[in-house]
J.: 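The following block contains the structure, expressed as structure tokens.
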Amino acid sequence: AGGRLREALDGAQALLKRARAAGEQAYPGADYDLAMAHLNLARVLKTAGGSEQALPLLDEARQRFEAMAKARANKAAEGMASACITEQANCLLFLGRLDESAVPVTAHLHLRLRDCVMAGRHGDFVRFLWFSGCMHFAALLAGPYFAVYLLRDLQFTYFEYSAWAATAIIGGFVALNGWGRIGDRYGNKKLLWATGFGIPILPALYLFTDQIWWLMVINCLGGVVWSGFNLGLQNTVYDLVPSEERAGAVAVSNGVNATSAFLGTMAGGWLSTVLAPEIVVGGFEVHFVSNLLVIFLVSALLRLTVAIMF
């Protein structure tokens, strides 16, 4: 075992030497390989009882991965940065110095909504919260009432409704991996832009058909679009705030989204009691089978407004 460990140590040292000699611009992905070479040597050193020597290598690897994650929205690099933090904690634990960790994971998680909106702090994150909150309000204005429309107004059976609901799950599952690759390549901002302009189309499509097969196609498309949008929202939080404040930022973001969803649902319920199942503009009249279709149209217009404004 000792001989194999010696071979592993020599191999890791040689790999790091070659990576340093080549440089981080030698070829596409060379910077990632260089960071991995630091991490691999640190892991071998830790296994061999050299936790003290492993710490500076882990720190350099972490900084390189974090720089890549920030520059290119590289989720793989972000995951490896987290792995470096874990390895650092393990080394410090072995040395009896866990409290000296240079990258506290659970400290400074006191980010509050008040901190975001005062003194211009986290300006980009505040704009993101406005966008996410407004989109959730606009979406939930109609979201809870699709089931009512299908079951009450179109007289779907429970089997037909279940099949309709399943299409969104299937669509989201199939598309999620592709959205992840798009986000890694083009960035989460473009991912949100693309899906954000797709979301307003979804409720408007319900105005043009009541056939179950077309409605299943529309809902499947909704699953595809929403899976990309939700992935973009989650990853954008990680992009906009420092790593030590991410837990607090996620909590604030979830709180804003939940509040907006509640307000949108309540507003949609109120509209369902006051709107007529028709649109009358001058001499132009359109009559619907349900006033819920009018709410779907209002939701679509609000979603489009949010997408354009932000």
J.: Output yes when a side-chain donor or acceptor of T47 lies under 3.5 Å from a complementary backbone atom of R43, and no otherwise.
T.: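 Looks like yes, one N/O pair under 3.5 Å.
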
J.: Atom CD of Q88 and atom CG of L55: how far apart are they, to the nearest 0.5 Å?
T.: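 Interatomic distance, Q88 CD to L55 CG, rounded to 0.5 Å: 6.5 Å.
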
J.: Is R64 paired with E60 through a side-chain N to carboxylate O contact shorter than 4.0 Å?
T.: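 Result for this pair is yes, salt bridge flagged.
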
J.: Do V250 and N254 touch side chain to side chain, with heavy atoms closer than 4.5 Å?
T.: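 Yes, close enough: below the 4.5 Å cut-off.
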
J.: For the residue pair N188 and L192, establish whether any side-chain heavy-atom pair is separated by less than 4.5 Å.
T.: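 Not touching, per the 4.5 Å side-chain cut-off.
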
J.: Between A30 and Q25, which heavy-atom pair has the shortest distance, and what is it?
T.: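 Looks like CB-N, 4.4 Å.
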
J.: What are the two closest non-hydrogen atoms of A138 and L302, and how far apart are they?
T.: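 Closest heavy-atom pair between A138 and L302: CB-CB, 3.7 Å.
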
J.: Provide the closest heavy-atom pair for R152 versus Q155 in the form atom of the first, atom of the second, distance.
T.: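 Scanning both residues completely, I find the closest heavy atoms to be O-NE2, 2.6 Å.
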
J.: Does the N219 side chain pair with the main chain of W164, one donor and one acceptor, at a distance under 3.5 Å?
T.: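 Yes, the answer is positive, given that a donor and an acceptor are paired below the 3.5 Å cut-off.
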
J.: Please round to the nearest 0.5 Å and tell me the distance separating atom CG of L41 and atom NZ of K46.
T.: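 The NZ atom of K46 is 13.0 Å from CG of L41, to the nearest 0.5 Å.
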
J.: Apply side chain to side chain contact (heavy atoms under 4.5 Å, CB included) to I308 and F197, showing your working.
T.: CA-CA 8 Å; I308 293 174; F197 276 98; 3.9 Å; yes

J.: By the rule that ILVMFWY residues connect when side-chain heavy atoms come within less than 4.5 angstrom, directly or transitively, which residues belong alongside I182?
T.: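 Once heavy-atom contacts under 4.5 Å are chained together, I182 belongs with L176, W179, Y186, L191, V224, L231.
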
J.: Show your working on side chain to side chain contact (heavy atoms under 4.5 Å, CB included) between V256 and W130 and close with a plain yes or no.
T.: CA-CA 9 Å; V256 170; W130 275 107; over 6 Å; no

J.: Assess the residue pair I218 and T209 against the criterion (side chain to side chain contact (heavy atoms under 4.5 Å, CB included)); give the C-alpha distance rounded to whole Å, side-chain angles, the decisive distance to 0.1 Å, and a yes or no.
T.: CA-CA 10 Å; I218 294 170; T209 183; 4.0 Å; yes

J.: Walk me through whether H136 and L233 qualify under side chain to side chain contact (heavy atoms under 4.5 Å, CB included).
T.: CA-CA 11 Å; H136 275 80; L233 288 181; 3.7 Å; yes

J.: Can you give me the closest heavy-atom contact between A249 and V237, atom names plus distance?
T.: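 Taking every non-hydrogen atom into account, CB-CG1, 3.9 Å.
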
J.: Could you state the interatomic distance from OG (S290) to CG (L154), rounded to the nearest 0.5 Å?
T.: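 One finds 8.0 Å between OG of S290 and CG of L154.
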
J.: Using 0.5 Å steps for rounding, measure from the OG1 atom of T157 to the CG atom of L151.
T.: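 So the gap between those two atoms works out to 8.5 Å.
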
J.: When the ring planes of W226 and F229 are compared, do they come out parallel, tilted or perpendicular, using 30° and 60° as the limits?
T.: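 Plane angle over 60°, so perpendicular.
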
J.: With rounding to the nearest 0.5 Å, note down the distance linking CG in L215 to SG in C220.
T.: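 These two atoms lie 13.0 Å from each other.
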
J.: Tell me whether Y149 shares a hydrophobic cluster with L140, the cluster being built from Ile, Leu, Val, Met, Phe, Trp, Tyr side chains joined at under 4.5 Å.
T.: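 No, Y149 and L140 fall in different hydrophobic clusters.
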
J.: For a quick check under 3.5 Å, do D59 and Q63 share a side-chain donor-acceptor pair by atom type?
T.: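 The answer is yes; a qualifying pair exists.
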
J.: Do S132 and N257 meet the criterion of a side-chain donor-acceptor pair at a distance under 3.5 Å?
T.: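 N257 and S132 do have a side-chain donor-acceptor pair below 3.5 Å.
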
J.: Would you give me the side-chain donor-acceptor pairs under 3.5 Å for residues 267-276, sequence neighbours excluded?
T.:
residue, atom, partner, partner atom, Å
S272, OG, G269, O, 2.5
T273, OG1, W270, O, 2.6

J.: Answer whether the closest heavy-atom distance between the side chains of M36 and F65 falls below 4.5 Å.
T.: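 A side-chain contact exists here, since the closest heavy-atom pair is under 4.5 Å.
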
J.: Is it the case that the side chains of R303 and S299 hold a donor-acceptor pair, with the cut-off being a distance below 3.5 Å and no angle test?
T.: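 A pair is found: one side chain offers a donor N or O, the other an acceptor, under 3.5 Å apart.
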
J.: Would you say that more than 12 heavy atoms from the other residues, nucleotides or ligands in this model lie under 6.0 Å from the CZ of R185, or not?
T.: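 Check fails, neighbour count at 12 or below.
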
J.: Are any non-hydrogen side-chain atoms of S253 and L129 less than 4.5 angstrom apart?
T.: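 A side-chain contact under 4.5 Å exists here.
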
J.: Do you know the tightest heavy-atom contact between G228 and T195?
T.: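 So the minimum-distance heavy-atom pair works out to C-CG2, 3.9 Å.
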
J.: Is the side chain of Y206 donor-acceptor paired with the backbone N or O of L297 at a distance under 3.5 Å, no angle test?
T.: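 Flag not set: sc Y206 to bb L297 has no pair under 3.5 Å.
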
J.: What's the spacing between E7 CD and D10 CG if we round to 0.5 Å?
T.: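 Spacing of CD (E7) from CG (D10) equals 8.0 Å.
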
J.: May I ask you to check whether F146 and F296 place their ring centers less than 6.0 Å from one another?
T.: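 Yes, ring centres under 6.0 Å apart.
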
